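Below is one structure, written out as structure tokens; comments come after it.
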2 protein chains.
Amino acid sequence: MINPVDATDWREARRRSAREDILEAAWSLVADEGLTGLSLRDLARRAGITPPTVYAYFESKNAIYDAMFGQAATQFAEAAAQPFDCDDPQEVLVASVHRFFEFCMADPVRYQLLFQRVLPGFEPSADSYTPAVRALGFAREWLALNGVTEARHLDLWTALVIGLVDQQMSNDPGGTRWFGLVEETTSMFLTHCQASRNSRHPAPRPNQTKGLRS
Amino acid sequence: MINPVDATDWREARRRSAREDILEAAWSLVADEGLTGLSLRDLARRAGITPPTVYAYFESKNAIYDAMFGQAATQFAEAAAQPFDCDDPQEVLVASVHRFFEFCMADPVRYQLLFQRVLPGFEPSADSYTPAVRALGFAREWLALNGVTEARHLDLWTALVIGLVDQQMSNDPGGTRWFGLVEETTSMFLTHCQASRNSRHPAPRPNQTKGLRS
DNA sequence: GTCTATAGCTGGATAGAC
DNA sequence: GTCTATCCAGCTATAGAC
């Protein structure tokens with residue numbers, strides 16, 4: 001009654017589910033012990049299996065980190081893809097930063113893994129990284145809505161946002177000391193970009209593509 | 001000819017010198033292996049001694065990290081205390097950020113140790129930390145020269161500076177992509193603070209009802 | 001796929017001779 | 001103070017039975 005295709009699908013689903021159980025245990029473990037505190041012994045105990053079984057699903061400890069990075073990057077992209085319930089471009093921009101704060105502060109370890117280089121010798125694979133790149137594309141979109149398209153202004157914007165978040169998480173975790181500066185910072189930034197546009201010779205061409213990596 | 005006091009001083013000097021030799025080897029080691037790559041075996045080998053001898057000068061591995069933090073903080077304070085060869089307040093402010101960039105990029109591991117929380121469970125002792133606090137006082141001074149004294153503007157300033165440096169070191173190490181934005185950022189910031197001062201009452205606190213925990 | 005058992009190594013830290 | 005020798009705990013990863 002069960003044809004080979006169904007059986008294969010079922011096995012595949014079981015395997016994915018087991019992988020996700022292990023990853024769930026991994027997130028729970030690093031939440032308690034820090035990102036570098038992930039050991040295969042503790043992980044296996046928390047997942048209700050034994051250490052060798054972990055190797056049936058991940059070929060190494062770094063592969064686990066990589067899978068976690070992939071999950072985090074996907075969540076980042078999903079959060080960025082959510083629509084906003086406001087129309088004003090500046091409000092959208094502010095809301096995007098608030099959302100980024102929320103995302104980072106909801107899980108500091110996830111933030112560390114995604115945006116800081118804390119694991120010695122770990123580099124995410126291309127597959128795990130691409131969702132994060134996709135998410136950064138949204139920022140470019142929201143800035144364009146506000147007329148900001150110059151490469152150096154995009155760089156300035158990313159520095160502003162990451163600076164606010166970094167200070168918030170380092171010096172006032174759980175508080176709102178830098179979170180409360182988001183509107184003011186955004187206003188400052190947009191005013192600056194506008195002034196920069198007005199004082200320059202004609203507006204930049206719509207199809208400029210120089211130096212726009214990241 | 002040699003009185004007891006001199007003999008004591010000489011022994012003290014020798015001991016300090018040996019300590020500094022070990023710390024020098026430690027900096028050299030973490031420069032190669034990363035901050036978390038400091039092992040007492042490798043450290044001893046590089047210092048030309050054996051592991052137990054390290055314990056004659058440091059009571060634990062964390063004590064070594066703490067001494068390194070103290071050195072880094074002292075160097076930070078010394079760099080900040082250097083006078084500037086310009087008088088214009090805004091130029092001084094720009095120069096201070098350039099100097100901070102220089103300090104951070106000259107030794108990325110030192111930057112990690114001082115400004116990022118990368119060592120699991122390591123907290124600098126009060127003695128090692130105080131020089132860093134002293135250095136931060138200079139920033140307040142330079143901002144005051146520019147008429148910036150409000151607490152939230154100081155917070156904004158630290159976020160701007162750390163954001164630029166962080167992006168530079170994470171995404172363009174060895175380059176000048178964000179370093180080149182320092183002047184423009186400073187100008188933007190000062191313009192904003194001035195406008196905020198000129199308007200009668202200070203900018204309203206942003207409403208924090210976006211569902212973030214407080 | 002999951003287990004028991006263990007290899008093989010590295011880590012921080014200590015004992016005790018000299 | 002410095003050494004040799006060593007302890008003990010932790011780690012990643014593998015072998016092989018079931």
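Everything numeric here is computed off the predicted structure, so don't read it as measured data. Chain naming here is simple, since letters A, B, ... match the order of the sequence lines and numbering starts at 1 in each.
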Inset, instruction - Specify the separation, in whole Å, of atom CD1 of I49(B) and atom P of dG12(C). - result: 13 Å
Inset, instruction - Give the rounded distance in Å between these two atoms: CG of N62(A) and C1' of dC11(D). - result: 14 Å
Legend entry - Comparing P52(A) and R41(A) on DNA chain C - which has the more 5′ nearest nucleotide: P52(A)
Legend entry - Length of the line joining F58(B):CZ and dT2(D):C1', which is rounded to integer Å: 16 Å
Inset, instruction - Establish, with yes or no, whether the OP1 or OP2 oxygen of dC3(C) is under 4.0 angstrom from a side-chain nitrogen or oxygen of T53(A). - result: yes
Inset, instruction - Would you mind classifying the nucleic acid contact of Y57(B) as base, sugar-phosphate or nothing, using non-hydrogen atoms under 4.0 angstrom? - result: sugar-phosphate
Legend entry - Short side-chain donor-acceptor distance under 3.5 Å, S28(A) and R46(A): yes
Inset, instruction - Would you mind reading off the distance between K61(A) atom NZ and dC11(D) atom P, rounded to a whole angstrom? - result: 8 Å
Inset, instruction - For the pair F122(A) and Y65(A), name the ring-plane relationship: parallel under 30°, tilted 30 to 60°, perpendicular over 60°. - result: tilted
Legend entry - Neighbour count above 12 (heavy atom, 6.0 Å) for D32(B) CG: yes
Legend entry - Salt bridge D42(B)-R45(B), side-chain N to carboxylate O under 4.0 Å: yes
Legend entry - R110(B) side chain to Q75(B) side chain, donor-acceptor N/O pair below 3.5 angstrom: yes
Inset, instruction - Classify the nucleic acid contact of P51(B) as base, sugar-phosphate or nothing, counting any heavy atom under 4.0 Å across all strands shown. - result: nothing
Inset, instruction - Determine the contact category for I64(B): base if any of its heavy atoms lies under 4.0 Å from a base atom, sugar-phosphate if only primed atoms, P, OP1 or OP2 are that close, otherwise nothing. - result: nothing
Inset, instruction - Grab the CG-C1' distance between L43(A) and dG10(D) for me, whole Å please. - result: 16 Å
Inset, instruction - Could you verify whether a donor N or O on one side chain and an acceptor N or O on the other, from E184(B) and H192(A), lie under 3.5 Å apart? - result: yes
Inset, instruction - Could you check how far CG of L119(A) sits from C1' of dC11(D), rounded to whole Å? - result: 16 Å
Legend entry - Distance, rounded to the nearest Å, where F122(B) contributes CZ and dG12(C) contributes P: 15 Å
Legend entry - Selection: residues 14-28 of chain A, any non-hydrogen atom under 4.0 Å of DNA chain D: none
Inset, instruction - Classify the nucleic acid contact of S39(B) as base, sugar-phosphate or nothing, counting any heavy atom under 4.0 Å across all strands shown. - result: sugar-phosphate
Inset, instruction - Run the ring-centre check on F76(A) versus F69(A) and record whether the distance is less than 6.0 Å. - result: no
Inset, instruction - Write down the distance between CG (L40(B)) and P (dA9(D)), rounded to a whole number of angstrom. - result: 18 Å
